[in-house]
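The structure under discussion appears below in the form of structure tokens.
All values reported here derive from a predicted model rather than from experimental measurement. We name chains A, B, ... by the order of the sequence lines, and we start the count at 1 in each one.
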Amino acid sequence: MTSVLPGGLAGRTAEWFRAQARDLPWRRAGTTPWGVLVSEFMLQQTPVARVEPVWLRWMEEWPTPSALAAASRADVLRAWGKLGYPRRAMRLHAAAEAIAADHGDRVPSDVAVLESLPGIGSYTARAVAAFGYGLRAPVVDTNVRRVVARAVHGAGDAGPARTRADLADVDALLPPEDAEAAVVSAALMELGAVVCTARAPRCPLCPVESDCAWVAAGRPEYTGPRRPVQGFAGTDRQVRGKLLDVLRAADAPVDKPLLDAVWADGPQRDRCLDSLLVDGLAEQTPDGRFVLGGTAPHAGH
DNA sequence: TATCCGTGGAA
DNA sequence: TTTCCAAGGAT
């Protein structure tokens, strides 16, 4: 396809990226594949601005998988802070343990091996291969799906995920050589994050506006099915967040009445607390109080 | 495949 | 104020 030539969509997006990519900490020279992996976990559904300071502190404290593996769950969850979805922190911890124990403390570069690790799915595995190791691996995230939907297919937005087809679409855009393909992958994501945004895309700033199928079609509005917007107020997610917030802030085991104070609905509150125990995000001490995570220095696997 | 899993900033 | 949504993954 001509789109992989330097003048094509991929080539000009890469050129634009090299000229003005954001200076993000995990993109700086010297970042290890482990650093990339940590950033990808944190960036799953959490904006860049909130990840930056946490990533910097995290890498200072735990510069290798084995360093993180040696930390306690409570320390890991506290360092995760309020990035949200704290189960990601536990999965990162578990992935670090597996990497330390089974992979010589070296982050795997093979996509299939990466996907076998806790918390690493199709996106994160390919992001680590591409950004951590400079390999040719189609990276499909929400940004890339939107860019492809518009620039290639002329649609206003990406519809529901079509995993195989999405992967094939992006694969067709990548040049054959590893290093250049990795740059294109980063560039497509950056374009979606900065220019080809979900609402109010900045087409005048776009390096490929002249051959964007969506622009050519007159920027038609997206008419397909919308992913339902998740509510938050009143959900178990909110209640779990409030409970966890108390446990994170405490430096000693917490009595139940203190947790009871965060939510009026008793049955929902108890159900949520129980789910935190099941998830390993909280633990009950022998005397019936509650603490963050587990007390064991290592979360077993 | 649809739903669940946190949090907070911006429009 | 409400709504949207931000580099997903597991079940």
To the nearest Å, give me how far apart [atom1] ([X]) and [atom2] ([N]) are.
{"X": "A:Arg50", "N": "C:dA7", "atom1": "CZ", "atom2": "P", "value": "13 Å"}
{"X": "A:Asp166", "N": "C:dG9", "atom1": "CG", "atom2": "P", "value": "13 Å"}
{"X": "A:Trp80", "N": "B:dC5", "atom1": "CH2", "atom2": "C1'", "value": "12 Å"}
{"X": "A:Arg271", "N": "B:dC4", "atom1": "CZ", "atom2": "C1'", "value": "12 Å"}
{"X": "A:Arg227", "N": "C:dT3", "atom1": "CZ", "atom2": "P", "value": "19 Å"}
{"X": "A:Ile120", "N": "C:dG8", "atom1": "CD1", "atom2": "C1'", "value": "12 Å"}
{"X": "A:Leu83", "N": "B:dG8", "atom1": "CG", "atom2": "P", "value": "10 Å"}
{"X": "A:Asp274", "N": "B:dC4", "atom1": "CG", "atom2": "P", "value": "18 Å"}

Less than 4.0 Å between a side-chain N and a carboxylate O, is that true for [Y] and [X]?
{"X": "A:Glu283", "Y": "A:Arg73", "result": "no"}
{"X": "A:Arg248", "Y": "A:Asp245", "result": "yes"}
{"X": "A:Asp270", "Y": "A:Lys256", "result": "yes"}
{"X": "A:Glu180", "Y": "A:Arg18", "result": "yes"}
{"X": "A:Asp169", "Y": "A:Arg145", "result": "no"}
{"X": "A:Asp166", "Y": "A:Arg162", "result": "yes"}

Subject >> Among B:dG8, C:dA10, B:dC5, the nucleotide that comes nearest once only the side chain of A:Tyr85 is considered >> reply: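 Comparing B:dG8, C:dA10, B:dC5 against the side chain of A:Tyr85, the answer is B:dC5.
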**OP:** Just compare B:dA11, C:dG8, B:dG8 and give me whichever is closest to any side-chain atom of A:Arg199.
**Re:** B:dA11
Original post:
Counting only side-chain N and O atoms of A:Lys82, is one of them less than 4.0 Å from OP1 or OP2 of B:dG6?
Top reply: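 No.
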Original post:
Within less than 4.0 Å of OP1 or OP2 of C:dA6, is there a side-chain N or O belonging to A:Gln45?
Top reply: no
**OP:** Check whether any side-chain heavy atom of A:Pro118 lies under 4.5 Å from a side-chain heavy atom of A:His93, and answer yes or no.
**Re:** no
Would you classify [X] as touching base, sugar-phosphate or nothing, given that sugar-phosphate means primed atoms plus P, OP1 and OP2, and contacts are heavy atoms under 4.0 Å?
{"X": "A:Arg226", "answer": "nothing"}
{"X": "A:Pro86", "answer": "sugar-phosphate"}
{"X": "A:Leu188", "answer": "nothing"}

Original post:
Listed in order of residue number, which residues of residues 230-254 of chain A have a non-hydrogen atom at under 4.0 Å from DNA chain B?
Top reply: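 Only A:Gln230, A:Phe232, A:Asp236, A:Arg237, A:Arg240, A:Gly241, A:Arg248 qualify.
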Subject >> Within residues 121-152 of chain A: residues closer than 4.0 Å to DNA chain B (heavy atoms) >> reply: none
Subject >> Straight-line distance of A:Leu259 CG to A:Arg269 CZ, nearest 0.5 Å >> reply: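 Rounded to the nearest 0.5 Å, the CG-CZ separation comes to 9.0 Å.
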**OP:** Between B:dA10 and C:dA7, how far apart are the P atoms? Round to whole Å, please.
**Re:** 15 Å
Subject >> Rounded distance in Å between the P positions of B:dG6 and C:dT3 >> reply: 22 Å
Subject >> Residue mapping more 5' on DNA chain C - nearest nucleotide basis, A:Arg91 or A:Glu190 >> reply: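 Comparing both residues, the 5'-ward one is A:Glu190.
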Subject >> Residue of the set A:Val51, A:Leu37, A:Thr32, A:Leu56 for which side chain to side chain contact (heavy atoms under 4.5 Å, CB included) holds with A:Trp26 >> reply: A:Val51
**OP:** Check the hydrophobic clustering (I, L, V, M, F, W, Y; side-chain heavy atoms under 4.5 Å; chains of links allowed) and say if A:Tyr133 and A:Val111 are grouped together.
**Re:** no
